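These notes are about the structure you will find just below.
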Amino acid sequence: MSKTDIIKGRIASLREAMAAEGLDALIVPQVDPHGSEYVADRWQARKYFSGFTGSAGPLVLTKDSAWVIVDSRYWLQAADLLSGTGIGVVESGKPDAPSLEELLARSLQPGAKVGIDGLLISQKDYESLSAYLEGCGLSLVLTDDIPDKVWEGRSGLPGGEIFVHELKYAGEAAQAKLDAVRSMIVKIGVDSAFIGDLAQIAWLLNIRSTDVACNPVVIAYLYVSQSMAVLFVEESKLTDEVRAYLAYCGVTTAPYAVVDKFLVNLPEGEKVAVDFGSIAARLVYALGRGRAVASSLPINEAKAVRNQIQIEGTRRAMERDGAALVKGFMEIESRLRSGQSTTEIDVDAILTHHRSAQDLYFDLSFETIAGYGAHGAIVHYSATPETNIELRPEGLLLVDSGASYLDGTTDITRTIALGDPTDDMRRDYTAVLKGNVALARAVFPAGTRGAQLDVLARMPMWTLGANYLHGTGHGVGHFLNVHEGPQSIRMQENPQPLLAGMVTSDEPGIYRAGRYGIRIENLLLARHAFDDPDYGEFLSFETLTLYPFDRSLINRSMLDDGEKAWIDGYHAEVYRRLRPLLTEAEASWLEAKCAPLD
């Protein structure tokens, strides 16, 4: 049976289960009960039933139609993967693309019922979607796990053992972080807090696991009051060492499955702070609106501001990561020069091999994107055996990759020429580089938000009549998730200012569909620059990532003197920092890549 026939069969069985529940439509989100972006296999229902593998976008099913809603990162990929399945693609972000709410309103008659798993929608989204649908004569029903009824071979709950992220890497003890949460609780005038965000829990307790690929988080919930802290987690995940550690931190444990019962049985008068933007609607229902207080504790902000130990650890991780990339790209270059067959999947394997040989390596921080030629224009392309192609000594290769080390997380994108680049390639590459450098050189007053800086990265592309529809920068966790808030740099407004100690990506790009893609990404550390007696504190960025740009793709005539000086200074720093970790041959190769611009 073909893959498209398998998907059609799965959709048919899901539609039957939907009808058996008296529903006219079903939303299958790409999310877990904790609101995570990257989810464990157990909650990959959208992928199982549709065949679409992207990290975002729900499946929407009615009695006679089906769609997957995807943002600009996945427009090309979704069209390819869903071809022939009978599932349509809604390209979110295009002017004529309907939102989820509009799609349902257009597709259903008044009186229709729309179902969604109550654990897979936040309270905030539930209230918003429910109100919109009611205005259209439709109703939103919180259901149990309907896909489970027809999901063959579904994975169980992740069972990775928990381990402690040592203080020498974390830089702050769990007890101090819990005390800070208790102070937050007092400040907002509630009795306790209930936390479902996996990165917050891992950071607060200095614990990690392997529950989610490339994201070292623990599937758990956390309740904190002035007198107690309870971690709801599968008991099999707790070693004796971790039990003793948690007890030392004043944390008791309870089974993951009893969290609903715990919330229901809290005292009637207790006021519990919960983030309605991330906590599942079913859990708010269990808690009761009389006890649940919508309040987003500033845990994400505290987590995002690195302490000095985390900053130093990240710098060291960047050095080891840069050395691994030197070794990896040298090998790729050598293979191509000798005519040895090398594919996109080989690129991933080569870079992973060299990263995994580095001290303190734990895992990749996300699935490697290695897009050659036209595949580089697919923003979040991931090679599969069916799409994998061989590199040739021509065109462009875009590689977006990273690793989780115990002392830091990396995320870097480089676009390299495999042969003589065309004038168009050099023009586009240099425009992207100018945008990357402009943001890296920014000096800005305290309180500045990412949306106020976004134009710096985009302007060189806009002058060419080009743009990119993804964000310019996302927050990066410390030995945690590669995508973390609360800060961002993007066109859309985000009220969170950039604070000293935050690490954010800088990744403008140009994508020419059917031809090539170009993206250049470094990680930036916001830091104190100076104080002005009239205007207060100003911040600037330190570029943490250590790997050269492709000099063969740079059109020098498009750069001003300041940009050339910055690039030369950056390359000198890359060579200085990486040289001690390389052999003589590797250092010689890197030195040529880091030579001053002509």
Side-chain angles (χ1 to χ4, degrees), residues 31-45 47-48 117-120 144-145 147-149 151-167 169-170 173-175 177-178 193-225 228-266 278-280 282-283 286-287 361-365 404 406 477 479-481:
V31 72
D32 66 11
H34 304 268
S36 306
E37 176 184 8
Y38 296 104
V39 303
D41 288 345
R42 175 164 182 79
W43 293 289
Q44 293 277 3
K47 176 181 176 181
Y48 175 82
D117 187 336
L119 280 175
L120 300 183
D144 291 328
D145 190 350
D148 190 63
K149 303 177 187 299
W151 188 344
E152 297 180 3
R154 184 181 189 180
S155 300
L157 284 171
E161 287 189 350
I162 297 172
F163 63 94
V164 178
H165 189 218
E166 297 180 67
L167 189 59
Y169 304 126
Q175 296 95 321
K177 297 177 187 178
L178 289 171
F194 180 70
I195 302 165
D197 183 283
L198 301 183
Q200 290 185 11
I201 295 169
W203 176 80
L204 280 170
L205 300 183
N206 288 342
I207 56 175
R208 303 291 192 270
S209 185
T210 57
D211 284 346
V212 181
C214 302
N215 296 264
V217 293
V218 180
I219 301 297
Y221 293 102
L222 180 64
Y223 169 85
V224 181
S225 70
M228 63 188 295
V230 183
L231 181 69
F232 297 89
V233 65
E234 288 288 283
E235 295 288 332
S236 60
K237 300 169 66 63
L238 299 167
T239 65
D240 290 342
E241 177 187 359
V242 169
R243 289 178 191 275
Y245 165 77
L246 291 172
Y248 175 75
C249 296
V251 179
T252 59
T253 62
Y256 183 78
V258 307
V259 66
D260 298 64
K261 183 177 180 181
F262 177 88
L263 295 175
V264 166
N265 290 324
L266 285 173
S278 64
I279 206 70
R282 175 175 142 184
L283 296 182
L287 187 58
Y361 173 84
F362 181 76
D363 194 1
L364 297 181
S365 56
S404 290
L406 296 181
F479 186 44
L480 267 175
N481 299 345

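These figures come from a predicted structure and were not determined experimentally. FYI, side chains are in, hydrogens and waters are out, and symmetry mates aren't considered; it's all heavy atoms of this structure.
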Under 3.5 Å, side chain of [X] to main-chain N/O of [Y], donor-acceptor pair present?
X	Y	value
S225	M228	yes
T210	G160	no
T252	A229	yes
D211	I219	yes
N481	G477	no
S209	P216	no
E234	P158	no

inquiry  = Is there a side chain to side chain contact (heavy atoms under 4.5 Å, CB included) between D145 and L119? Walk through the geometry before answering.
reply    = CA-CA 8 Å; D145 190 350; L119 280 175; over 6 Å; no
Does atom [atom1] of [X] have more than 12 heavy-atom neighbours, drawn from other residues, nucleotides or ligands, at distances under 6.0 Å?
X	atom1	answer
D240	CG	no
D148	CG	yes
E235	CD	yes

Flag side-chain contact, heavy atom, 4.5 Å: [X] against [Y]:
X	Y	value
N206	K177	yes
V259	F194	yes
V242	L246	yes
P33	L120	yes

request  = Return the minimal non-hydrogen interatomic distance between A220 and L231, and the atom names on each side.
outcome  =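 Scanning both residues completely, I find the closest heavy atoms to be CB-CD1, 3.7 Å.
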inquiry  = Could you go through L178 and V251, starting from their C-alpha distance and side-chain angles, then the distance that decides it, and tell me whether this counts as side chain to side chain contact (heavy atoms under 4.5 Å, CB included)?
reply    = CA-CA 10 Å; L178 289 171; V251 179; 3.9 Å; yes
Can you say whether the rings of [X] and [Y] are parallel (under 30°), tilted (30 to 60°) or perpendicular (over 60°)?
X	Y	answer
Y223	F262	perpendicular
W43	H34	perpendicular
F479	F362	perpendicular

query = Does the pair V39 and V212 meet the rule for a side chain to side chain contact (heavy atoms under 4.5 Å, CB included), with working shown?
reply = CA-CA 6 Å; V39 303; V212 181; 5.8 Å; no
query = Going through the distances and angles, do D260 and R282 end up as a salt bridge (Lys or Arg N to Asp or Glu O under 4.0 Å)?
reply = CA-CA 9 Å; D260 298 64; R282 175 175 142 184; 3.1 Å; yes
ask   = Is it true that R42 and D32 make a salt bridge, defined as a side-chain N closer than 4.0 Å to a carboxylate O?
value =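 No.
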request  = Before accepting this row, confirm whether a basic side-chain N of the pair D363/R208 lies closer than 4.0 Å to the acidic partner's carboxylate O.
outcome  =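 Salt bridge: no.
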CD1 on I195 to OG on S278, rounded to 0.5 Å =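 Between atom OG of S278 and atom CD1 of I195 there are 9.5 Å.
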key: Inter-residue atom distance L205.CG - Y245.OH, 0.5 Å rounding   =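 Separation between the atoms: 6.5 Å.
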task = Could you please spell out the steps behind the side chain to side chain contact (heavy atoms under 4.5 Å, CB included) verdict for I201 and V218?
result = CA-CA 8 Å; I201 295 169; V218 180; 5.7 Å; no
